[in-house]
Q: 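This is the structure, below, for whatever I ask next.
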2 protein chains.
Amino acid sequence: MARRRDATMEDVANHAGVALSSVSRVLNDHPDVSDRMKQRVMGAIADVGYEPNLLASSLRRGSTKTIGFLASDISNPLFAEIALGAERRLDEAEYTMVLTNSEGSGERDEEMIRLLRWRRTDGLILSVSDERRAGTLVELARLDVPVVLIDRDVKGLDDASVVTSDHARGMRSAVDHLIELGHTDIALISGPRQLRPARERLRVFRRAFRDQQLEPPEHLLRIGSFSAQSGEQATLDLLASDRPPTAMIAGGNLLLTGVLRALRRRKLTVGRDIALVSCDEVPLTELHSPPITVIARDAVHMGDLAAELLLERLVGDAEPRRAVVPTSLIVRDSTKKARRR
Amino acid sequence: MARRRDATMEDVANHAGVALSSVSRVLNDHPDVSDRMKQRVMGAIADVGYEPNLLASSLRRGSTKTIGFLASDISNPLFAEIALGAERRLDEAEYTMVLTNSEGSGERDEEMIRLLRWRRTDGLILSVSDERRAGTLVELARLDVPVVLIDRDVKGLDDASVVTSDHARGMRSAVDHLIELGHTDIALISGPRQLRPARERLRVFRRAFRDQQLEPPEHLLRIGSFSAQSGEQATLDLLASDRPPTAMIAGGNLLLTGVLRALRRRKLTVGRDIALVSCDEVPLTELHSPPITVIARDAVHMGDLAAELLLERLVGDAEPRRAVVPTSLIVRDSTKKARRR
DNA sequence: TTGTAAGCGTTATCAT
DNA sequence: ATGATAACGCTTACAA
């Protein structure tokens with residue numbers, strides 16, 4: 001591990017007895033290079049064990065072939081799948097992904113965006129932790145590279161592409177489904193209003209009731225964080241209330257685990273004692289007993305799309321645009337039986 | 001998005017009427033700078049809206065403050081947690097993590113290691129997809145930065161630090177536990193022998209039987225990939241055999257989902273018709289009905305440790321070393337009842 | 001087709 | 001304490 005000085009293009013040039021620029025041309029497949037030159041240079045490269053220094057070429061070219069990715073928590077399967085989809089697509093286009101976590105903190109959102117700017121990433125894929133934060137907008141405004149937001153609406157940021165999912169449609173089907181089963185005391189446990197998915201779900205949740213001439217059960221709304229702990233607490237709270245829900249909607253996979261923990265503690269059986277719908281498909285929803293009805297979307301595809309929208313602007317210099325990923329309600333036994341009180 | 005030329009240190013120097021080198025000194029907290037100089041430079045920095053170019057400074061300094069992370073699939077909760085732990089720790093030390101996926105391919109292992117080398121990352125954290133591949137060893141040998149392997153043993157790579165988990169202990173307790181419950185027809189569904197966890201588990205699985213004067217059930221071993229599909233296929237296969245197992249051990253969270261799918265298809269109830277142990281805690285193991293006995297370890301901690309071992313060498317230039325993360329058997333209802341045939 | 005040389009934005013060495 | 005200036009390793013006019 002003795003940091004021996006790496007061979008540079010100059011070493012190659014000397015070894016081959018040619019000019020530095022010729023080496024560069026060979027390496028970059030410049031049209032005007034004789035076969036003989038190519039041979040000599042390639043030979044020398046092998047001889048001296050040359051390896052390109054992407055740092056130097058990035059500096060000179062003004063492009064790093066690197067994309068920054070920011071999410072609150074990569075260990076959340078939702079973000080992990082998005083990251084996977086994005087990385088795959090970017091890799092095809094020879095871009096490398098730099099991963100950062102904001103740990104749900106708006107302050108870290110800012111820090112990370114600044115860091116990525118300083119590192120001169122060619123573009124950003126962001127799912128910020130707080131859409132409303134002024135500082136984040138400032139950091140974003142300083143950026144002069146394309147940005148793609150994932151399931152976020154940042155007011156004032158007009159030149160970003162956006163990949164959203166159609167939460168409205170999914171939530172609408174879920175509520176309609178529950179109402180049709182006879183439920184009206186439906187609880188919604190969701191994340192903070194600073195985030196688009198939570199806002200959308202809440203909006204459509206209420207709307208769905210009104211459209212059926214029903215009053216939305218405001219007392220059954222629980223807006224907290226997206227964590228398991230928050231889900232567990234909210235559920236215990238709901239169950240202890242005067243008029244507990246006969247059905248619940250959990251707005252995310254972490255919330256779901258919290259909800260299930262709480263139900264287990266209260267010895268309630270999903271599907272029999274209480275109906276349950278969750279958002280985002282994970283192994284648990286499919287393999288739970290009974291299987292859990294879920295508002296699903298293709299997270300890997302969202303990542304893929306985000307990368308695609310970015311590449312459009314990077315390579316094809318297209319305009320920013322919005323893409324919407326569909327959601328669909330997968331009905332399972334957790335909502336099969338109706339229960340009226 | 002008009003790529004306006006960014007302000008450089010030269011702009012700052014001109015604006016402040018000082019030398020370029022003075023700006024650099026201010027920015028790097030050099031001891032020999034007058035307060036007055038500091039004021040002027042900071043003022044100019046604000047005026048011209050200067051932002052450091054980490055690319056240029058990396059090139060000059062010979063260090064990128066960047067660590068490469070390679071795993072087969074970041075959407076696997078195990079790797080996602082490891083990545084999270086590592087990123088957190090590295091971020092504290094002002095390092096950024098570059099994430100790459102090998103998609104389970106040894107060839108991509110090689111490509112990614114080469115790419116990270118070309119990008120001049122200061123160190124690597126790797127969980128390669130094939131420990132035995134010669135090409136990977138070649139790529140690793142060319143590296144002149146510290147490496148930490150996660151749960152991998154690469155023969156011939158002597159100067160790497162390694163974080164492993166104590167699969168031996170975990171598997172040993174699991175088998176002993178099952179035998180004590182009266183099981184002897186225990187199946188093991190595991191990943192490929194190219195990977196340490198699979199090798200270790202297999203080795204200890206057999207050993208545990210022999211130590212009890214029992215013959216290991218070779219016909220119940222299923223060595224495939226770590227995927228859900230592989231787990232499902234292996235399970236269906238086992239259940240269709242002459243002498244199906246009364247207990248099964250799934251060697252990973254993806255395998256587990258496959259196993260559960262297969263059991264469901266065959267209408268077998270976990271804990272009653274068949275005992276089940278899995279490896280690595282996920283929400284599903286805890287919240288399944290019945291809850292699933294699991295060989296657990298702290299994945300986030302593994303990532304944290306890996307970062308730690310890397311930083312030791314980077315900052316403190318310590319020697320490479322090995323760290324072992326404990327595993328523990330969490331007994332749940334999936335293995336409560338014995339069944340003899 | 002090939003070579004020469006300027007420049008990307010820093011840091012670090014050397015004077016002053 | 002501050003200022004010139006030479007690297008760092010590459011790409012790209014421009015000349016030959």
Side-chain angles (χ1 to χ4, degrees), chain A residues 3-42 44-45 48-66 115 117-122 144-145, chain B residues 3-45 48-66 117-122 144-145:
Chain A
R3 184 160 293 200
R4 60 179 180 281
R5 192 181 135 289
D6 296 329
T8 70
M9 283 176 45
E10 189 179 358
D11 298 328
V12 176
N14 292 151
H15 188 89
V18 303
L20 179 54
S21 50
S22 294
V23 178
S24 173
R25 274 186 289 256
V26 170
L27 252 24
N28 295 287
D29 306 299
H30 189 97
D32 299 336
V33 277
S34 64
D35 277 356
R36 190 161 148 281
M37 175 65 85
K38 206 170 293 184
Q39 301 304 321
R40 290 179 64 171
V41 170
M42 295 311 265
I45 285 178
V48 305
Y50 168 78
E51 298 204 292
N53 184 328
L54 262 29
L55 226 50
S57 80
S58 292
L59 176 60
R60 178 59 232 245
R61 283 198 153 104
S63 148
T64 53
K65 291 296 232 170
T66 282
L115 176 65
R117 204 172 55 230
W118 288 6
R119 287 204 181 275
R120 299 300 194 270
T121 52
D122 291 345
D144 59 354
V145 295
Chain B
R3 185 161 293 198
R4 58 180 182 279
R5 192 180 133 288
D6 296 329
T8 70
M9 283 176 44
E10 188 177 0
D11 299 327
V12 176
N14 291 150
H15 188 88
V18 303
L20 178 55
S21 45
S22 295
V23 178
S24 174
R25 275 187 290 258
V26 170
L27 253 24
N28 294 288
D29 305 298
H30 188 98
D32 300 335
V33 278
S34 65
D35 277 358
R36 189 162 148 282
M37 175 62 87
K38 206 171 292 188
Q39 301 305 319
R40 288 179 64 173
V41 170
M42 294 312 265
I45 285 179
V48 305
Y50 168 79
E51 298 203 292
N53 184 329
L54 263 30
L55 224 50
S57 86
S58 293
L59 176 60
R60 181 56 234 244
R61 283 196 151 106
S63 147
T64 53
K65 291 296 235 169
T66 283
R117 205 173 54 229
W118 288 5
R119 287 205 180 276
R120 298 300 194 270
T121 51
D122 291 345
D144 58 353
V145 295

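On a predicted model such as this, the values are computed, not experimentally measured, just so you know. Throughout, protein chains are lettered first and strands after them, A, B, ... in sequence-line order, and every chain is numbered starting at 1.
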Q: Can you give one letter per nucleotide of nucleotides 2-12 of chain C, going 5' to 3': B for a protein heavy atom under 4.0 Å from the base, S for sugar-phosphate only, - for none?
A: BBB-BBBBBBB

Q: Could you pull out the closest heavy-atom pair between A:Arg40 and A:Gly17, with the gap in Å?
A: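 Scanning both residues completely, I find the closest heavy atoms to be NH2-O, 3.5 Å.
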
Q: Given side chains that start at C-beta, do those of A:Leu27 and A:Ile45 come closer than 4.5 Å, heavy atoms only?
A: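 Side chain of A:Leu27 against side chain of A:Ile45, heavy atoms only: contact under 4.5 Å found.
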
Q: Which side-chain N or O atoms in residues 50-62 of chain A pair as donor and acceptor under 3.5 Å with protein atoms at least two apart or in another chain?
A:
| residue | atom | partner | partner atom | Å |
| --- | --- | --- | --- | --- |
| A:Glu51 | OE1 | B:Arg117 | NE | 2.7 |
| A:Glu51 | OE1 | B:Arg117 | NH2 | 3.4 |
| A:Glu51 | OE2 | B:Arg117 | NE | 3.3 |
| A:Glu51 | OE2 | B:Arg117 | NH2 | 2.4 |
| A:Glu51 | OE2 | B:Trp118 | NE1 | 3.2 |
| A:Asn53 | OD1 | A:Leu55 | N | 2.9 |
| A:Asn53 | OD1 | A:Ala56 | N | 3.2 |
| A:Ser57 | OG | A:Leu54 | O | 3.4 |
| A:Ser58 | OG | A:Leu54 | O | 2.7 |
| A:Ser58 | OG | A:Ser63 | O | 3.4 |
| A:Arg61 | NH2 | A:Asn28 | OD1 | 2.9 |

Q: Salt bridge (Lys or Arg N to Asp or Glu O under 4.0 Å): which pairs involve residues 9-28 of chain B, sequence neighbours left out?
A: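 Listed by first then second residue: B:Arg5-B:Asp11.
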
Q: Please state how far atom CG in B:Leu55 lies from atom C1' in D:dG9, giving the value in whole angstrom units.
A: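 Atom-to-atom, B:Leu55 to D:dG9, this comes out as 12 Å.
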
Q: For the helix from C:dT1-D:dA16 to C:dT16-D:dA1, figure out the bend between the end axes, five pairs an end, and round to 10 degrees.
A: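 One end axis against the other gives 40°.
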
Q: Checking A:Thr66 now: which residues fulfil side chain to side chain contact (heavy atoms under 4.5 Å, CB included) with it, not counting sequence neighbours?
A: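 Result, side chain to side chain contact (heavy atoms under 4.5 Å, CB included) vs A:Thr66: A:Thr64, A:Thr96, A:Val98, A:Thr121, B:Arg119.
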
Q: Is there a side-chain contact between B:Val33 and B:Val41, using heavy atoms and a 4.5 Å cut-off?
A: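 No, their side chains stay 4.5 Å or more apart.
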
Q: Measuring from atom NZ of A:Lys38 to atom NE2 of A:His30, what distance do you get when rounded to the nearest 0.5 angstrom?
A: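 So the NZ of A:Lys38 and the NE2 of A:His30 are separated by 11.0 Å.
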
Q: Who passes salt bridge (Lys or Arg N to Asp or Glu O under 4.0 Å) against A:Arg120, sequence neighbours left out?
A: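 Result, salt bridge (Lys or Arg N to Asp or Glu O under 4.0 Å) vs A:Arg120: B:Asp6.
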
